Trainee: 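Quick one: the structure is below, and I'll ask about it shortly.
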Number of protein chains: 2
Amino acid sequence: MTAPLHKARPAGAGRALPDTQQGMRRRNLARVMHTVSAAGTLSRAAVASRIGLTRAAVSTLVEELIRTGLLEELGPERPGRVGRPGSALAVSGRGPAGIGAEVGVDHLAVCAVDLRGEVRSTATRHGTNRGRAVQPVVDELRELVRGVVAEAERAGLWPAGLAVAVPGLVARDARTVVRAPNLDWRDTDLTGLLDVPFPLSVGNEANFGALAELWLGEGTPRDFLHVSAEIGIGAAVVVDGGLLHGTRGFAGELGHVPVRPDGPECPCGSRGCLEQYAGEEAVLRAAGLGPGADRVGLLAERAAAGDADVRRALRDAGTALGVALTGAVNLLDPESVVLGGALAALAPWLLPSLESELDRRTAGPACPVAVSRLGSEGPLLGAAHSVVRAVLDDPGVVAERGEPRMGPGSSL
Amino acid sequence: MTAPLHKARPAGAGRALPDTQQGMRRRNLARVMHTVSAAGTLSRAAVASRIGLTRAAVSTLVEELIRTGLLEELGPERPGRVGRPGSALAVSGRGPAGIGAEVGVDHLAVCAVDLRGEVRSTATRHGTNRGRAVQPVVDELRELVRGVVAEAERAGLWPAGLAVAVPGLVARDARTVVRAPNLDWRDTDLTGLLDVPFPLSVGNEANFGALAELWLGEGTPRDFLHVSAEIGIGAAVVVDGGLLHGTRGFAGELGHVPVRPDGPECPCGSRGCLEQYAGEEAVLRAAGLGPGADRVGLLAERAAAGDADVRRALRDAGTALGVALTGAVNLLDPESVVLGGALAALAPWLLPSLESELDRRTAGPACPVAVSRLGSEGPLLGAAHSVVRAVLDDPGVVAERGEPRMGPGSSL
DNA sequence: ACTAATTTGTAAAGCGCCATGACGAAATAG
DNA sequence: CTATTTCGTCATGGCGCTTTACAAATTAGT
């Protein structure tokens, strides 16, 4: 018989739902939703045996979920086994929808995702947002949201919330963009500017990308490190299926991990930060390329064509990434490292040096490095899905046809 | 209205206690215990208002906790206010006890802590364990435990579990010492060797030290990085009041974070690891001192006496620590960094360079660095308290006079 | 001193939620 | 065509918290 060192959090502290019968009911509603969602289609009896409740209890839970439009009854299952066939249940495709939005440096994008995880409506607008004032960008975004919501509503969905991914630091209240250097945003509270008739949350692009990987990626573990590079280099730390935010919400600043303490100066005030070796600007300079549009695509193209300078630049960037990741892996012992965002597109030329560096420097079995298949879609999908997950995690509130319960910033 | 990016874990997954009425009851028992424990002395009505249950419900919970010996009724409170005075409740000083043990390189120590957190019995044995076979060390430890348990029992306590702190890597099952270089232990399962008639868990010394800091330190936040150095340099990552273990239980290997990628070779296979600059051996060498007994004390003594070589060595070690911590702080955004173990004793000479390095390298407000006041007592106290916390976290099992519920390794 | 007000702890009744056990319904196996 | 198995539901019951009521013990006010 063994004892855990200690459980994550003391019982009774920071609990999402109170320990009352109502709270229990709501948690069980959530368990039913998650179970059906994970299986796609499931009978009441199957749900009951999976979550450990009785068929009778599940029946009443399902009845409530169907009544509130979160589950659908598809009818009798194809019986392959003996006994009365169950009635197939599925997550409803006509209930609440999660609206995701992305404010990129060069585009705006919005999408609606239903509870099943299907993308039901999208809208995109290209054109740089660098150097523009905040208000016009927000106005454009609001128009895109309006259109996507309208289309979703025509499909029988209703918006349960909006999550906005931005390329910058977001405070823990999930409302304020503390700073987004490439948009020139600073201390911008989007709730005031982009007022929508449903709950709004704001999050870092890389974090949403990691969540997308967690929720949508196949075989993605519950503990991993997601690294993505757009302009800066950001990492998201996923621990036990949840994002590690840090005290101020700034966790994951991999770009400013020191790689060589006496290296070149970095605008952040330090020297030899990872960004000085593997940041977009540094790589372009090392590759002998100037700034311009779609530089990542250009890098990939030249590298594929065999350009020696570009390949060397990417190889060196991979080495620097490997050094920084060695530190991160030693500290966090993740199950894997996932390269997302622009790094995914450049992975073929980054990986060899990155992995060899990581292997050389870590004792024992090396931490596997995977490449995201979501690519640039990650942040947008992650944002939309974060709203969907909020509904799945607490269907009770939607049951009252209010909006999903939304407290202040997550505590993990 | 704002939405969290996402809550730590999906509802219904990885829950410690099942979502049944019994589970609810047990969680509420735990909430009562934690509330009384935190306040020291509290009336039923005060508990009720703090945890949000009614007085009637708390009455029945308290009745059960008193009946099982976890709470005591101290009698009427001194009334300072109008109204009938409450009856003071306190955590029992004669119930279950947590037994903590520490296998150090140069000593063995055992102690018993009651639910109130008081140390009720201790035993220590000095003498090196380096190079000895496992069995004789374990036999000695068992004798110490036997003595401490006997004394605790004479005081009306009974052992609820034993937690052993070891200077090495422990697998996530909290049973197996994967390797402890300075003891020459490898894949050692202590449950088999040290068989005791109550639950046993094993943990890393630095981790227990961090937990002690979390539970016993004043003003210690729920998110911090605890750094300690005995032979190697270990860090413990505390997130939201729980330890981050990592996939294999190896999280916190700060000693092998690269400081200078081309630095001196490290036995781990990498180059320029932090240990090559701030490890005990490296510091002694830089200070011009050879190996010997109580080398940390010697360093502190010489540094206090003004020895320039020693001071320089410690200053340089502080700088290297600062570089490694910059990476960790950027990645985790902790509320503070706490120096424990040997680092606490040497803090006066490490801190200046460490803090200046950290300040220089982090943008925005720097992460405060604190020094542990627990010092070398930390790991032992943390181990004993981990058992106590397990009881407080689930008093329901003790109520059945079984041992505290103990699943496999913690999930965070 | 005596009454009014306030607060505490407990007891009885009630309600919500899940478990238990029984039943009809719908399929397969022989 | 019957026996068996499984599914979904209903009635009943247990358990846990809330509500309501009340006695006990204190302070405040006259």
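Please read all numbers here as calculations on a predicted model, not as lab measurements.
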Trainee: Got a sec, which residues hit side-chain contact (heavy atoms from CB on, under 4.5 Å) with V82(A), two or more places apart in sequence or on another chain?
Mentor: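 By the side-chain contact (heavy atoms from CB on, under 4.5 Å) rule, V82(A) matches no residue at all.
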Trainee: Measuring only between side-chain heavy atoms, which start at C-beta, is V62(B) closer than 4.5 Å to V47(B)?
Mentor: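 Not in contact.
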Trainee: Indicate the atoms forming the closest heavy-atom contact of A163(B) with F208(B), along with that distance.
Mentor: CB-CZ, 4.0 Å
Trainee: Please list, chain by chain and in numerical order, all residues satisfying side chain to side chain donor-acceptor pair (under 3.5 Å) with R94(A), sequence neighbours excluded.
Mentor: none
Trainee: I want to check something: taking the side chain as every heavy atom from C-beta on, are I99(A) and V387(A) in contact at a cut-off of under 4.5 Å?
Mentor: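 Side-chain contact under 4.5 Å: no.
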Trainee: Please name all residues satisfying side chain to side chain donor-acceptor pair (under 3.5 Å) with S37(A), sequence neighbours left out, ordered by chain then number.
Mentor: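 By the side chain to side chain donor-acceptor pair (under 3.5 Å) rule, S37(A) matches no residue at all.
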Trainee: State which residues pass salt bridge (Lys or Arg N to Asp or Glu O under 4.0 Å) with E63(A); sequence neighbours excluded, sorted by chain then number.
Mentor: R67(A)
Trainee: Angle between the two end axes of the helix from dA1(C)-dT30(D) to dG30(C)-dC1(D), five base pairs per end, rounded to 10 degrees?
Mentor: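 Here the local axes at opposite ends form an angle of 0°.
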Trainee: Under the rule for side-chain contact (heavy atoms from CB on, under 4.5 Å), what residues qualify as partners of A155(A), not counting sequence neighbours?
Mentor: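 Testing A155(A) for side-chain contact (heavy atoms from CB on, under 4.5 Å), a comparison that skips the adjacent residues, returns R120(A).
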Trainee: Can you tell me how far apart CG (L29(A)) and CG (L70(A)) are? Round to the nearest 0.5 Å.
Mentor: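 Reported value, rounded in 0.5 Å steps: 8.5 Å.
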Trainee: Return the set of residues passing side-chain contact (heavy atoms from CB on, under 4.5 Å) with A39(B) (not counting sequence neighbours), or none when no residue passes.
Mentor: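 side-chain contact (heavy atoms from CB on, under 4.5 Å) check on A39(B) returns L42(B), R50(B).
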Trainee: Could you pull out all residues at least two apart from V388(B) that satisfy side-chain contact (heavy atoms from CB on, under 4.5 Å)?
Mentor: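 V388(B) satisfies side-chain contact (heavy atoms from CB on, under 4.5 Å) with V113(B), L115(B), L392(B) once adjacent residues are dropped.
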Trainee: May I ask you to verify if any side-chain N or O of S59(A) is less than 4.0 angstrom from the OP1 or OP2 atom of dG8(D)?
Mentor: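 No, because none of the side-chain N or O atoms of S59(A) sits under 4.0 Å from OP1 or OP2 of dG8(D).
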Trainee: Does a donor on one side chain sit under 3.5 Å from an acceptor on the other, for R25(A) and N28(A)?
Mentor: no
Trainee: For D240(B), is there any backbone N or O sitting under 3.5 Å from a side-chain donor or acceptor partner on D223(B)?
Mentor: yes
Trainee: Return yes if some donor-acceptor pair links the side-chain N/O of R26(A) with the main-chain N/O of G396(A) below 3.5 Å, else return no.
Mentor: no
Trainee: Contact class for A45(A) (heavy atom, under 4.0 Å): base, sugar-phosphate, or nothing?
Mentor: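 The answer is sugar-phosphate, as A45(A) gets under 4.0 Å only of primed atoms, P, OP1 or OP2.
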Trainee: Could you check which residues of residues 35-43 of chain A get a heavy atom under 4.0 Å from DNA chain D? Sort them by number, please.
Mentor: S43(A)
Trainee: Which pair of non-hydrogen atoms, one from V149(A) and one from P159(A), has the smallest distance, and what is that distance?
Mentor: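 Smallest heavy-atom distance, with atoms named: CG1-CG, 3.9 Å.
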Trainee: Could you encode protein contacts along nucleotides 21-30 of chain D as a string, one character per nucleotide from 5' to 3', using B for base contact, S for sugar-phosphate-only contact and - for no contact, with a heavy-atom cut-off of under 4.0 Å?
Mentor: --BBBBS---
Trainee: All N/O contacts under 3.5 Å from nucleotides 15-17 of chain D to the protein, with atom names and distances to one decimal?
Mentor:
{"from": "dC15(D)", "atom 1": "O2", "to": "Q21(B)", "atom 2": "OE1", "distance (Å)": "3.2"}
{"from": "dC15(D)", "atom 1": "O2", "to": "Q21(B)", "atom 2": "NE2", "distance (Å)": "3.0"}
{"from": "dG16(D)", "atom 1": "N2", "to": "Q21(A)", "atom 2": "OE1", "distance (Å)": "3.2"}
{"from": "dC17(D)", "atom 1": "OP1", "to": "N28(B)", "atom 2": "ND2", "distance (Å)": "2.7"}
{"from": "dC17(D)", "atom 1": "OP2", "to": "R25(B)", "atom 2": "NH1", "distance (Å)": "2.6"}

Trainee: Would you grab the first and last nucleotide of DNA chain C (5' to 3') that comes under 4.0 Å of any non-hydrogen atom in chain B?
Mentor: dT6(C) to dC17(C)
